[in-house]
Protein chains: 2
Amino acid sequence: MKGIRQLAEQLNISIGTVSRALNGKPDVNQETRRRVLAAAEELGYVANQSGRSLRQGETKVIGLMIESSMEAVENADNFFLGVTSGLQSVFACHKLDLIMLPCPSDEDPHEYLKRMVARRIVDAMIISNTQRFDRRIDLLSRAKIPFVAVGRSLSPGNFPWIDLDFEGVAERAVDRLVARGHRRIAITAPSSDVNLGHVFLESYRRALARHGIAFDPSLVIRVKSSEQGGYQAAHELLLLEERPTAVILIYELMAIGLYRRLMESGVMPGRDLAVIGFRDAPRARFLNPSLSCFRMSLYDLGVALGQTLLAHVPAYRAFYPEGGRNIVWPLELVPGESDAFEIATAKRSSSG
Amino acid sequence: MKGIRQLAEQLNISIGTVSRALNGKPDVNQETRRRVLAAAEELGYVANQSGRSLRQGETKVIGLMIESSMEAVENADNFFLGVTSGLQSVFACHKLDLIMLPCPSDEDPHEYLKRMVARRIVDAMIISNTQRFDRRIDLLSRAKIPFVAVGRSLSPGNFPWIDLDFEGVAERAVDRLVARGHRRIAITAPSSDVNLGHVFLESYRRALARHGIAFDPSLVIRVKSSEQGGYQAAHELLLLEERPTAVILIYELMAIGLYRRLMESGVMPGRDLAVIGFRDAPRARFLNPSLSCFRMSLYDLGVALGQTLLAHVPAYRAFYPEGGRNIVWPLELVPGESDAFEIATAKRSSSG
DNA sequence: ACGCACTCCGTAAACGTTTACGACTGTAGG
DNA sequence: CCTACAGTCGTAAACGTTTACGGAGTGCGT
């Protein structure tokens with residue numbers, strides 16, 4: 001099957017009519033439409049996307065940019081696949097297709113995005129891993145490509161985003177730990193160019209202040225959000241003169257390294273040190289003691305991302321009157337064994 | 001920047017010359033080319049992909065089809081992201097781009113692929129999750145779209161594939177366990193429409209036979225390759241009259257459920273029951289006792305996939321004279337604690 | 001008989017590129 | 001001076017669609 005012309009020829013109809021029939025335009029006879037659809041089905045005809053999008057200036061494809069560096073692979077695990085499902089359930093309503101655009105690890109994400117945008121291979125984009133100052137946001141705004149970012153940014157100008165509620169996570173983690181009698185609570189944070197780390201840390205400080213606990217900079221451990229980072233974090237914690245009784249991890253993968261280093265020194269997580277993590281409860285269950293952690297439904301997040309995005313695409317805006325608002329995505333705590341103990345303090349009588 | 005026409009106009013050159021200059025065609029003056037490239041860079045001009053691919057009938061894009069069903073998400077973890085890196089390192093040499101095509105969970109993979117192929121959005125495809133009889137292979141062969149499959153299939157006709165060496169895994173697992181004195185070795189297998197399971201099981205039988213151990217069908221546990229499947233597998237194992245002393249898991253994620261069920265009954269993995277798994281050592285380290293498992297470099301696998309694919313694309317065949325061969329990809333064993341004990345048997349003196 | 005509205009369909013022009021072809025130089029060889 | 005040729009470049013035709021426009025036919029009211 002070469003193209004619409006062969007199909008028209010076969011049916012003794014003009015290509016214009018065939019096109020109209022296939023695209024559901026009103027001015028075509030019922031019977032003619034039936035014949036066209038039948039023939040198309042039989043011959044397996046599907047419109048060539050290049051021709052179509054050349055003509056109408058849109059591709060009906062939404063791009064999800066992801067990073068495929070080794071480090072990103074380690075960390076992302078099933079995050080993107082998870083949101084993909086949700087995204088597709090939204091896009092399917094509008095016959096939009098989703099493709100994932102993996103930025104090569106040796107290419108600058110900004111350059112990569114520029115290339116993809118300029119080639120006009122997608123109508124809209126979802127970007128993630130937002131940096132504190134992210135030039136991609138400028139790029140997309142300037143090019144007038146609708147987009148939504150997962151993660152806020154400090155780049156100037158308003159733009160659509162959905163961000164995970166790190167503030168809530170840090171606050172609730174601190175609250176939970178303080179309620180169990182902890183006063184010295186350590187926290188891990190990534191390098192500060194990722195906006196996430198900044199927000200996370202700020203609300204940790206606020207929560208401490210709320211409980212009248214002084215902020216101790218030595219309890220902020222700056223390591224990579226990886227297994228190795230967790231190992232190193234534990235190492236640094238053990239070196240502190242006055243050891244913390246609890247630690248908040250920004251990423252649950254770190255727990256594996258953390259546990260290992262702790263056990264090497266005979267410190268038992270869940271008994272000698274409380275641990276709370278973030279993201280992906282399934283993986284948290286691999287651990288022993290199981291990790292208390294904050295998680296979310298990736299599917300639901302995908303749905304929200306899709307709706308927010310389409311609310312900013314002129315052609316679909318009408319379908320999502322409420323969808324334009326930025327969302328701080330709530331996380332739910334899945335309690336595990338890693339912080340299931342209480343500390344006896346001066347202010348608080350032991351409950352065990 | 002609208003298009004090549006504006007660029008030509010700006011330079012007082014015909015669009016033909018501009019196109020030739022940008023595409024490195026020989027018949028264009030050095031100075032002219034310099035000017036064109038400079039102007040394109042400055043104005044941020046990049047050729048519209050639709051126009052280009054419409055004209056030349058190729059898109060310079062390779063598609064990697066993945067499945068985004070919830071189950072697939074659970075299982076795939078970072079497999080695709082991992083191979084993506086390797087693929088891109090190959091494709092980058094030829095200025096080819098890779099996109100991932102996630103098949104929606106509610107769409108038939110065959111139909112989805114048909115749509116994507118017919119739209120001519122990609123020049124070649126990588127498919128995975130090959131079924132024992134997979135219509136996608138017919139489809140791609142018939143449409144003359146170059147492709148490579150990760151996983152063999154029994155579909156008729158030769159086609160390029162790379163398969164993981166499940167035969168070797170099953171054999172070496174059995175060998176290793178037998179060497180430690182095990183005689184009753186259970187194995188898990190997925191439903192039989194996935195070709196993988198069939199191959200896996202066959203070589204398990206062969207390996208047993210080689211050691212003179214009778215095949216016992218009750219030791220083949222057919223469960224889903226998931227955490228829940230692992231739980232159920234353990235449950236079934238515990239019900240057997242004559243309990244096995246070892247079990248081979250086809251997917252390491254099952255280990256978490258297996259461990260849990262075992263411990264509920266006071267059976268200690270790594271002491272009372274040997275466990276060997278497959279795929280993804282990082283995750284295996286989450287477990288306690290750590291899981292012995294067979295793993296591979298996803299990056300290297302990606303490179304091999306890329307080369308095999310391009311060896312079957314006419315335009316690039318010349319670069320990969322050796323690349324046409326199908327590969328049975330070897331796995332390496334990463335020993336853990338889960339099978340680090342020996343069994344005293346009649347034929348074998350205890351070594352502890 | 002005429003005009004009008006309505007339904008259906010064909011025609012042809014776009015969309016942005018690439019590329020075959022030929023035209024125009026200037027130069028060298030006869 | 002004529003021819004051949006290499007180096008440049010412009011022209012225009014494709015590629016496969018969609019869609020604005022208009023035409024043909026029909027039915028209906030006047």
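Given the structure is predicted, the values throughout are model-derived calculations rather than measurements. Naming: A, B, ... by sequence-line order, numbering from 1 per chain.
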- Item | Straight-line distance of A/Ile62 CD1 to A/Leu310 CG, nearest 0.5 Å |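 Rounded to the nearest 0.5 Å, the CD1-CG separation comes to 6.0 Å.
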- Pairwise 5' ranking along DNA chain C for B/Asp27 and B/Ser19, keeping only the more 5' one: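 The answer here is B/Ser19.
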- Whichever of A/Ile13 and A/Gln56 has its nearest DNA chain C nucleotide further upstream toward 5':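 Its nucleotide being nearer the 5' end, the pick is A/Ile13.
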- Message: Need one value for A/Gly57: base, sugar-phosphate or nothing, where a base atom within 4.0 Å counts as base even if backbone is also close, heavy atoms only.
- Response: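 Answer is nothing: A/Gly57 stays at 4.0 Å or more from every strand.
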- Item | N/O (side chain, A/Thr17) to phosphate O (OP1/OP2, C/dC8) under 4.0 Å |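 A/Thr17 to C/dC8 OP1/OP2: no side-chain N or O under 4.0 Å.
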- In a check of side chain to side chain contact (heavy atoms under 4.5 Å, CB included) between A/Phe80 and each of A/Val150, A/Ile66, A/Ile126, A/Leu87, which one passes?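 Running side chain to side chain contact (heavy atoms under 4.5 Å, CB included) over A/Val150, A/Ile66, A/Ile126, A/Leu87 with A/Phe80 returns exactly one hit, A/Ile66.
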- Message: Using side-chain heavy atoms (C-beta onward) and a distance below 4.5 Å, is B/Leu11 in contact with B/Val36?
- Response: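 Contact flag for B/Leu11/B/Val36 side chains = yes.
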- So do B/Gln49 and A/Arg120 actually touch side chain to side chain, heavy atoms under 4.5 Å?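 No, every pair of side-chain atoms sits at 4.5 Å or beyond.
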Distance check needed: [N] [atom2] versus [X] [atom1], whole Å only.
X       : N      : atom1 : atom2 : result
B/Asn29 : C/dT25 : CG    : P     : 16 Å
A/Arg5  : C/dG10 : CZ    : P     : 14 Å
A/Ile4  : C/dT11 : CD1   : C1'   : 14 Å

- Message: Salt bridge or not between B/Arg115 and B/Glu107? Use side-chain N to carboxylate O under 4.0 Å.
- Response: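 B/Glu107 and B/Arg115: salt-bridged.
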- Query: Which comes earlier along DNA chain D counting from the 5' end, the contact point of A/Arg20 or that of A/Ser50, where each point is its nearest nucleotide?
  - Reply: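 Counting from the 5' end, the first nearest nucleotide belongs to A/Ser50.
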- Between which nucleotides of DNA chain D, read 5' to 3', does contact with chain A run, using atoms under 4.0 Å from its heavy atoms?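 Contact boundaries, 5' end first: D/dG16 to D/dA20.
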- Message: Give me the atom names and distance for the closest heavy-atom approach of B/Ser50 to A/Ser53.
- Response: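 Nearest heavy atoms, B/Ser50 then A/Ser53: OG-OG, 3.0 Å.
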